[in-house]
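Everything on this sheet refers to the single structure shown next.
Computation of the quantities below employed the complete heavy-atom set of this structure, encompassing side-chain atoms and omitting hydrogens, waters and symmetry-equivalent molecules.
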Amino acid sequence: MAQKLSKSNQFLHWHHWLVISASLLLTIIAWKVSDNQIQEKRKVLFEIQSEQLLEQISERMAHYEVALKVGAAAIQTFSQNTQAANWKGFYDKLKLTDTYPGINGIGVIYYIPEREASHFIKQQRIYRPDFTIYPQHNEQEYWPITYIEPLKGNEKAVGLDMAFEANRFSAAKKARDNATTQITAPIVLVQDAKKTPGFLQFIPFYDSVNIETLEQRQKHFVGHVYAPFIMVKLMKGTLKQSNRQLVFSIFDGDDNLYNELTDENSHYDSQPLFQKTVTMDMYGRPWTFNIQTALSFKTSTHSNQPLIILGSGIVIDSLLLLVFITLTRSQKKAIAIANGITQKLSIKEKYYKHIIESAPCGIIITNVEGLIEKVNPQTELLFGYKGEELIGNKIDILLPKRYQKQHPKLREDFNKNPSNRQMGLNRDVFGLTKKGNEFPAEIGLAQFNEGDNLKTLATIIDMSEHVEITEELKRSNKELNDFAYVASHDLKAPLRGIMQLSSWIEEDIADFANDETKSNLALLMNRTSRLESLLDDLLTYSRIGREVGEIQTINISDLILNIFDLQSPPEGVSITCTNTLPEIKTHIVPLEIIFRNLISNAIKHRDNDKLMITVSAQELPDHYRFSVEDNGPGIPKKHHKQIFELFKTLKPRDEVEGSGMGLSIIKKLLDYQKCMIKVTSDGESGTCFTFTWPK
């Protein structure tokens with residue numbers, strides 16, 4: 001390749017190299033600008049998310065302050081000597097844990113001078129015998145946690161004196177003296193078994209509104225409403241890692257309050273894109289936030305755009321170089337390349353033209369006014385026009401005159417609401433040839449844009465052959481049904497003759513025929529009777545779909561009992577109707593055939609002297625559901641589909657009388673009504689046929 005390029009240098013002029021160099025320089029500049037823009041966007045996003053992070057923490061702390069102020073206001077308004085039960089009631093109404101996630105509780109701290117300590121403890125033990133102030137210290141005053149809710153998990157905090165430890169004591173006094181919200185330096189809460197960093201938030205309350213001076217504030221000071229916080233719980237309640245792309249740590253001076261910047265944190269990025277340190281005043285304490293991007297920030301803000309620009313530019317420059325080399329070699333090759341590009345640009349037009357001209361159906365393209373702009377050869381064959389005779393005319397000339405008047409309105413509606421659609425599947429649409437002949441057509445419509453112009457493409461298929469085939473199928477089907485009817489009907493006469501002759505022969509030889517002859521004669525009469533039954537069923541099967549009878553009002557229970565009585569059931573066979581449909585309107589003939597065959601089958605296939613048949617019915621929104629259930633021998637599951645086929649029986653016909661068409665007739669009747677039937681049986685005991693019936 002290098003040899004080829006060096007050889008081709010003699011063909012390149014200085015202006016070619018100038019273009020390539022300028023293009024390469026622009027590529028590098030575009031790559032650098034794009035990369036700088038993306039980095040700047042990343043930085044802006046980092047700054048926005050950092051501000052949001054700090055605002056969320058500040059807003060959450062402000063919410064906690066509001067909750068404490070509400071508690072302080074409640075005490076100042078109603079009673080300075082609030083009882084534990086009152087405080088619990090306040091907590092329950094506040095719904096603290098639901099409203100303020102991350103807070104560990106809310107409590108009351110009373111300021112108790114040394115001289116009043118014994119009396120205070122005595123008063124508290126009236127309701128809480130175990131109450132005490134701890135631990136011991138050298139101060140001349142007490143600041144015990146008197147109440148805290150929820151009590152569960154905070155039991156160790158009850159009675160804890162703020163004066164025993166410097167961080168708690170100094171923050172409590174500062175809140176009192178300044179009449180402001182204060183938090184402590186980092187401490188370990190007595191109720192935190194894990195001994196993780198935490199802090200307390202104090203809001204003072206007084207027995208007077210006149211607290212303008214330090215002396216007045218100290219004189220009228222009653223106590224604090226306070227909240228304990230475990231830093232880890234506070235952050236989890238305030239910020240969810242799934243909702244942010246930053247990790248951070250918090251320091252109070254040199255004390256670490258909270259830290260996500262560790263290798264144990266799966267979101268920690270040891271090589272962050274951006275990081276910053278911000279110090280905020282948090283209720284009298286300097287909190288220093290070390291914020292940096294998490295792994296998710298790097299992933300979500302990653303962009304291949306600069307590399308794509310650089311790679312694309314290099315590819316373009318390489319292509320330019322190759323083009324220049326190719327163009328400068330010879331004018332002949334330059335013309336060939338130009339022709340090749342022109343050929344590529346026109347490939348869609350050729351492909352489109354090829355589809356139009358080779359399509360086996362007629363294709364017509366019109367504008368929004370319905371003027372024909374293009375037709376294919378098949379259209380000329382269909383309608384008998386030459387292409388030039390159609391182009392420029394309205395497509396209405398290809399429609400029968402009875403449709404031409406209304407067609408412009410239909411075209412206007414289609415242009416307003418265009419959608420791909422088919423018309424004429426049932427001979428509703430016809431085409432008109434040049435000679436004035438009509439033919440049934442199937443037409444497909446679709447719209448497309450050619451530049452700024454809207455076009456309609458119509459495909460036309462001559463459905464004449466389809467219609468002829470359909471009519472032929474209908475005629476053949478009718479002839480087939482007529483044949484089945486005639487065959488089954490005309491065969492009955494000779495069968496009856498055979499049965500009559502067999503009966504006479506039986507009478508004539510009754511006195512001297514041997515047992516074998518009598519048995520064979522009985523078998524002949526039995527099978528002749530079965531053939532007649534088969535012809536009856538065949539006749540019924542052929543009539544399905546042609547004769548359904550009139551719609552009548554019928555009582556289902558009466559219908560079932562009449563059918564059962566006509567079966568002449570043997571002794572021990574009974575039937576029960578448990579339907580909720582005393583009367584329905586329906587075609588009675590097919591429904592009667594279905595019930596008769598199901599009840600007859602149950603009786604014929606019984607395997608004991610006590611057969612119970614149960615018929616039930618249920619009305620559903622758009623159909624009825626009937627069930628015919630018996631306690632007979634059952635049908636194995638492997639035969640559940642087979643039993644609905646023609647001439648299928650599960651026992652030899654010499655054992656059970658029947659043509660094998662009963663269930664086939666039922667299936668065809670229900671198929672005609674677009675209904676279903678299913679059989680339920682374990683194959684050992686009992687069978688239930690369930691079928692639907694239209695309203």
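Contact between Pro150 and Gly105 at its shortest, heavy atoms only, is CD-CA, 3.9 Å. Between Asn256 and Ser249, the shortest heavy-atom distance links the atoms ND2-CB, 4.5 Å. Nearest heavy atom pair, residue Arg285 against residue Ala185, reads NH2-CB, 3.4 Å. Closest of all the heavy-atom pairs between Ile103 and Ala227 is CD1-CB, 3.7 Å. Listed here is the closest heavy atom pair of Pro144 and Ile112: CD-CG1, 3.9 Å. Nearest heavy atoms, Val278 versus Lys276: CG2-CE, 3.6 Å.
Crowding of Trp87 atom CH2: a count of heavy atoms from other residues, nucleotides or ligands under 6.0 Å exceeding 12. Surrounding NZ of Lys236 are at most 12 heavy atoms belonging to other residues, nucleotides or ligands under 6.0 Å away. Annotation: Lys93, atom NZ; neighbour count of heavy atoms from other residues, nucleotides and ligands within 6.0 Å does not exceed 12. Atom CG of Asp254 sits in a sparse spot, with 12 or fewer heavy atoms from other residues, nucleotides or ligands closer than 6.0 Å.
The one candidate from Thr277, Thr279, Ile250 that meets the side-chain contact (heavy atoms from CB on, under 4.5 Å) condition with Phe289 is Ile250. Of the candidates Tyr64, Trp287, Tyr258, Tyr283, Phe199 forms a ring pair (Phe, Tyr, Trp, His ring centres under 6.0 Å) with just one, namely Trp287.
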Start with the C-alpha distance between Ser58 and Gln56, add both sets of side-chain angles, then the distance that settles side-chain hydrogen bond (donor to acceptor under 3.5 Å, both in side chains), and finish with yes or no. CA-CA 6 Å; Ser58 298; Gln56 283 180 296; over 6 Å; no
For the pair Ile187 and Leu200, evaluate side-chain contact (heavy atoms from CB on, under 4.5 Å) and give the outcome as yes or no after the intermediate values. CA-CA 8 Å; Ile187 61 173; Leu200 304 180; 3.6 Å; yes
Determine, stepwise, if the pair Asn290 / Gln275 fulfils side-chain hydrogen bond (donor to acceptor under 3.5 Å, both in side chains). CA-CA 7 Å; Asn290 299 310; Gln275 54 187 352; over 6 Å; no
Pair Gln49-Arg244, side-chain contact (heavy atoms from CB on, under 4.5 Å): steps then yes or no: CA-CA 8 Å; Gln49 292 189 4; Arg244 56 189 170 91; 5.7 Å; no
Could you check Glu260 against Asn265 for side-chain hydrogen bond (donor to acceptor under 3.5 Å, both in side chains), going step by step and ending with a plain yes or no? CA-CA 6 Å; Glu260 294 179 347; Asn265 183 5; 4.5 Å; no
Working note: Phe90 + Ile75, criterion side-chain contact (heavy atoms from CB on, under 4.5 Å); need CA distance, chi angles, decisive distance, verdict. CA-CA 10 Å; Phe90 167 75; Ile75 294 174; over 6 Å; no
Residue pair Thr181, Gln201: steps toward the side-chain hydrogen bond (donor to acceptor under 3.5 Å, both in side chains) verdict: CA-CA 7 Å; Thr181 304; Gln201 186 177 34; 5.5 Å; no
Pair Gln447-Leu454, side-chain contact (heavy atoms from CB on, under 4.5 Å): steps then yes or no: CA-CA 7 Å; Gln447 282 197 334; Leu454 191 64; 3.5 Å; yes
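We find the NE2-OG1 distance between His267 and Thr262 to be 11.0 Å, quoted to the nearest 0.5 Å. From Phe251, atom CZ reaches atom CZ of Phe248 across 12.5 Å, with rounding to the nearest 0.5 Å. If you take CZ on Phe297 and CZ on Arg42, they are separated by 7.0 Å, rounding to the nearest 0.5 Å. The distance from the OG atom of Ser21 to the CG atom of Leu25 is 8.5 Å, given to the nearest 0.5 Å. In this structure, CG in Leu151 is found 9.5 Å from NZ in Lys88, a value given to the nearest 0.5 Å. Rounded to the nearest 0.5 angstrom, Leu24 CG and Ile29 CD1 are separated by 10.0 Å.
Using a distance-only test at 3.5 Å, with no hydrogens or angles considered, a donor-acceptor pair links the side chain of Asn154 to the main chain of Asn104. Side chain of Thr690 to backbone of Ser627: no donor-acceptor contact under 3.5 angstrom is found. A donor-acceptor distance shorter than 3.5 angstrom exists from the side chain of Asn86 to the backbone of Gln83, with no hydrogens or angles considered. Checking side-chain atoms of Thr299 against main-chain N and O of Leu295 turns up a donor-acceptor pair under 3.5 Å. Counting only distance, with no hydrogens or angles, the side chain of Gln39 and the backbone of Asn36 share no donor-acceptor pair below 3.5 Å. Judged by distance alone, the side chain of Glu47 and the main-chain N or O of Leu45 form no donor-acceptor pair under 3.5 Å.
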Distance-only check: which donor-acceptor pairs under 3.5 Å involve side-chain atoms of residues 157-175, not counting sequence neighbours?
| residue | atom | partner | partner atom | Å |
| --- | --- | --- | --- | --- |
| Asp161 | OD1 | Trp143 | N | 2.7 |
| Asp161 | OD1 | Ala163 | N | 3.0 |
| Asp161 | OD2 | His137 | NE2 | 2.5 |
| Glu165 | OE1 | Arg168 | N | 2.9 |
| Glu165 | OE1 | Arg168 | NH1 | 3.0 |
| Glu165 | OE2 | Asn167 | N | 3.0 |
| Asn167 | ND2 | Pro186 | O | 3.3 |
| Arg168 | NH2 | Val188 | O | 3.1 |
| Ser170 | OG | Ala166 | O | 2.9 |
| Ser170 | OG | Asn167 | O | 3.3 |

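Contact of the Leu261 side chain with the Gln292 side chain is registered, since non-hydrogen atoms from C-beta on lie closer than 4.5 Å. In this structure, Val247 and Thr293 have side chains that are not in contact, with every pair of non-hydrogen atoms separated by 4.5 Å or more. Side chains of Leu234 and Met61 form a contact here, defined as non-hydrogen atoms less than 4.5 Å apart. Side-chain contact between Gln191 and Glu155: absent, with no pair of heavy atoms (C-beta onward) separated by less than 4.5 Å. Side-chain atoms of Ile106 and Leu94, non-hydrogen and from C-beta on, do get closer than 4.5 Å to each other. Under the 4.5 Å side-chain criterion, counting only non-hydrogen atoms from C-beta, Gln37 is not in contact with Asp35. At a threshold of 4.5 Å between non-hydrogen side-chain atoms, the residues Phe229 and Ile183 do not count as touching. No side-chain heavy atom of Ile203 sits under 4.5 Å from any side-chain heavy atom of Tyr226.
Cation-pi contact between Lys695 and Tyr624: present, with separation from the ring centre below 6.0 Å and deviation from the ring axis of at most 45°.
For the salt bridge (charged side-chain N to carboxylate O under 4.0 Å, His left out) condition, no pair includes a residue of residues 108-131, sequence neighbours left out.
Neither side chain, Ser50 nor Gln52, offers a donor N or O lying under 3.5 Å from an acceptor on the other. Side-chain atoms of Gln124 and Thr146 include no donor-acceptor pair closer than 3.5 Å.
A salt bridge is defined here as a Lys NZ or Arg NE, NH1 or NH2 lying under 4.0 Å from an Asp or Glu carboxylate O, and Glu65 with Lys69 meets this definition. Between Arg217 and Glu212 there is no salt bridge, since no side-chain nitrogen of the basic residue lies less than 4.0 Å from a carboxylate oxygen of the acidic one. Checked for salt-bridge contact, Asp269 and Lys298 meet the test: a charged N lies under 4.0 Å from a carboxylate O.
Taking the centre of each ring, Tyr206 and His220 stay at or above the 6.0 Å mark.
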